[in-house]
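Here the structure is a predicted model, which is why all the values come from computation and not from measurement. Read the numbers this way: they start at 1 and go in the same order the structure lists the ligands and their atoms.
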Amino acid sequence: MHWTGAAAVISALLQASCASRDVFSDPGINVDKWHSATRKANALITQLNITEKAGLLTGNLLNLTCGGIINAIPRVDFPGLCLQDGPAGIRTADLASVFTAGISIGATWDPELIYERGRALGEEFRGKGAHVILGPATGPLGRIPLGGRNWEGFSVDPYLAGIATSATVRGIQDSGVQACTKHYVGNEQETQRTLGLAKGVSVDAISSNIDDRTLHELYIWPFADAVRAGTLSIMCSYNRLNSTYACEDDHTLNGILKEELGFKGYVMSDWFATHSGAKAANAGLDMNMPGPVDQYNFTNSYFGPNLVRAVQSGNVSAERLDDMVRRVLTPYFYLGQDKDYPTIDPSGLFVTLAALSYSPSAFSIPDDTPLPPARDVRADHAALIRNHGAAGTVLLKNTKHTLPLKAPRTIAVFGNDAADLSRGSAVPLGAAYAPPQGVPMGVQVMGGGAGSGRLSYVVSPLEALRARAASSNHSMSIQYVTDNSVVANADFSGIYPFPDVCLVFLKTYAAETIDRTSFEADWNSTAVVNSVASYCPSRKTVVVTHSAGINTMPWADNPNVTAILAAHYPGQEAGNSIVDILFGDVNPSGHLPYTIARNETDYNTEVFNVTDPAQVTDAAAWQSDFTEGLLIDYRHFDANAITPLYEFGFGLSYTIFELTGKVNVRPVHGQRTISVFPPKVKENSPGGNPNLWKTLFAVTVKVRNTGDVAGSAVPQLYLSQPRSTVPAGTPMKVLRGFDKVYLKAGEERNVSFPLMRRDMSFWDVGASDWRLPRGEYIVRVGFSSRDIRMEGTIRV
Ligand code: BGC
């Protein structure tokens with residue numbers, strides 16, 4: 001690993017002691033630096049006229065040099081702002097990396113790696129001259145297993161998602177780039193995510209109808225971590241919330257985000273998610289992206305001149321206008337983006353034009369245009385990405401000592417996901433518009449839409465396996481059939497000699513604008529697996545899935561399927577990442593950031609759809625009631641005693657871990673009695689009442705590697721609040737601590753989980769505050785949500 005600067009500090013802190021984990025609960029904003037940046041912003045504001053102020057708050061879609069642009073104001077030396085997608089790499093760039101997707105890095109359960117990824121991402125955005133990265137994404141949280149964008153975020157569990165969001169924001173901003181945490185909030189499905197036309201009638205976006213407690217404890221939770229970490233920007237989402245558009249919702253923008261959570265940066269709209277001027281501005285929206293009203297009305301904007309008029313007529317106060325501008329400018333000065341910031345890489349424009357036009361000349365790039373060479377920002381990130389991809393791979397099954405592969409002489413590889421991409425770099429850009437299964441041939445290393453990046457290369461599983469065979473010191477032959485219909489038809493006629501092991505590569509596509517339609521992996525995957533499993537002469541079939549997240553696996557119990565790896569979306573080094581795991585160069589240590597059910601009907605939440613012809617033109621028909629409240633994913637499986645196939649938190653290793661001794665609970669609050677509500681403070685700091693972020697108890701266990709190879713364990717702490725003093729709907733247990741611990745064979749270490757006040761409280765709707773219920777808490781520690789090895793209690 002390469003650690004420099006803050007990364008090294010965080011790494012050292014994390015390894016030092018139990019309280020080290022508090023680094024993710026420490027405020028990410030330096031108050032003195034913030035004040036000094038505010039002074040610079042104020043000084044600039046005094047020089048601006050009202051039109052220039054509105055210009056700082058309104059995107060310019062006609063400038064295609066970046067995904068979003070705030071115009072320069074040369075008169076005052078302001079160079080403008082360049083905003084680029086997205087969470088896993090620069091969407092439109094050449095010679096930039098495609099990193100592991102959010103779901104992959106979430107599956108590592110490793111805050112250090114997550115920070116490292118954020119930092120490397122930030123370096124690339126900075127290198128290309130982008131001031132703002134439109135990420136991380138932590139909404140959708142993943143309420144709906146088939147949600148089209150779940151893979152962009154980290155986990156369906158808010159605690160894991162919160163820490164991952166925090167580590168990412170810190171990493172990005174330590175590299176000098178502003179994070180824009182998105183999509184706030186309740187954007188849990190893509191279907192009707194925004195308003196649209198049905199038979200010529202304008203129909204409103206889906207309304208996510210969420211009660212206050214659920215909003216706080218699930219959907220806003222990771223955003224609170226983002227604010228605590230210092231995210232400089234937040235993107236409001238397309239959907240409506242309890243019938244109000246998220247980008248004009250005073251309650252969640254002004255009320256929760258800015259007042260309760262003390263967010264000092266700016267709220268930017270998702271693209272065309274603004275539906276009003278003065279109303280949105282007064283509700284807390286600060287920046288309107290990409291500028292115009294919608295795709296059909298490029299000349300008008302809800303902001304721009306319209307905002308000027310709103311201020312002149314008194315519908316928006318001059319103070320609020322200045323507040324909006326201050327919120328936008330302070331982050332720019334805070335990160336020192338006014339000094340020696342790289343210029344925008346001019347090649348980005350041409351990559352975008354080429355992608356939009358499908359041919360160089362169609363979008364008026366004459367054939368003889370001298371194209372500016374791209375700035376190569378990839379540095380040594382390939383090695384990180386390879387490592388992250390492996391670390392985010394979850395070993396779900398491993399029988400008959402199948403993995404790691406010892407010294408196979410013949411490997412047979414099956415499935416369209418093993419191959420090179422037949423459409424190369426074009427895939428991710430076009431992917432948003434690809435059919436539900438994506439492109440027919442080639443490894444799925446990420447999903448489509450804004451969250452995709454442009455591959456400057458990709459290592460397929462076949463390529464990596466061949467390279468492995470070439471460098472092996474014994475002869476190893478790699479045979480393959482990548483055409484799924486041939487495999488499904490059980491045509492194995494070309495395979496000889498018979499394989500020592502069969503590898504099946506499956507893929508599942510997901511993209512912005514569409515929700516998934518199938519739980520099983522795509523391209524006739526079940527027939528493909530069953531066919532190989534009954535053919536494979538060695539009776540050892542390994543299934544690898546490259547997937548957006550949740551898949552059902554009807555073949556999982558087939559005794560001939562002897563190993564299963566969920567490799568998620570690992571990014572450009574996909575083949576190398578999986579080969580490192582298959583051959584044991586890397587010991588698998590990923591754990592599921594969601595639950596894999598036995599049957600798709602075991603899940604309790606699905607995409608809301610209006611299909612009744614009588615209703616499709618009803619402007620208000622799209623009402624999705626989040627009636628399950630807090631009981632999503634494992635909380636629902638627990639509440640209803642449903643046995644999953646592979647539970648939340650599950651992941652095998654090539655070694656064995658045990659907890660030894662007993663659970664040790666130590667109060668660290670230093671008080672006789674702990675108050676039920678967090679002591680009030682004059683003003684909330686970023687993340688809300690700072691007392692919520694104070695550690696009350698430290699729970700310690702010992703973890704030992706009792707196997708014979710080194711590996712990383714992920715001990716997890718699940719907390720149950722006192723049953724008698726919590727309201728109905730409280731989950732049986734929730735994740736409230738985890739760690740990633742590297743242990744040599746035979747090694748033992750102490751692991752400590754700090755429990756903060758927020759971790760132990762519930763959102764009391766009546767009091768509008770976090771209440772610490774009195775009574776006995778049960779602390780459960782183990783290696784997954786169903787593999788609990790020890791219990792302890794805490795009395796409050
Ligand atoms: C997506 C955002 C993205 C924006 C800019 C929208 O369609 O929802 O996530 O950042 O486009 O590309």
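- Relative orientation of the Tyr603 and Phe519 rings is parallel, given thresholds of 30° and 60° on the angle between their planes.
- Contact residues of ligand 1 (protein heavy atom closer than 4.0 angstrom to a ligand atom; sorted by chain and number): Asp85, Arg91, Leu134, Arg149, Lys182, His183, Arg193, Met235, Tyr238, Asp270, Trp271, Ala450, Glu512.
- Under 4.0 Å is where a charged nitrogen must lie from a carboxylate oxygen, and between Arg119 and Glu116 no such pair does.
- Geometrically, Arg170 does not engage Tyr115 in a cation-pi contact, judged by NZ or CZ lying under 6.0 Å from the ring centre and within 45° of the ring axis.
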*Could you check Glu573 against Tyr457 for side-chain hydrogen bond (donor to acceptor under 3.5 Å, both in side chains), going step by step and ending with a plain yes or no?*
CA-CA 9 Å; Glu573 289 282 325; Tyr457 75 91; 2.3 Å; yes

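- Within the 6.0 Å centre-distance limit, the rings of Tyr219 and Phe626 are counted as a close aromatic pair.
- Ionic pairing of Lys182 and Asp270 is not present here: no N-O contact between side-chain nitrogen and carboxylate oxygen is shorter than 4.0 angstrom.
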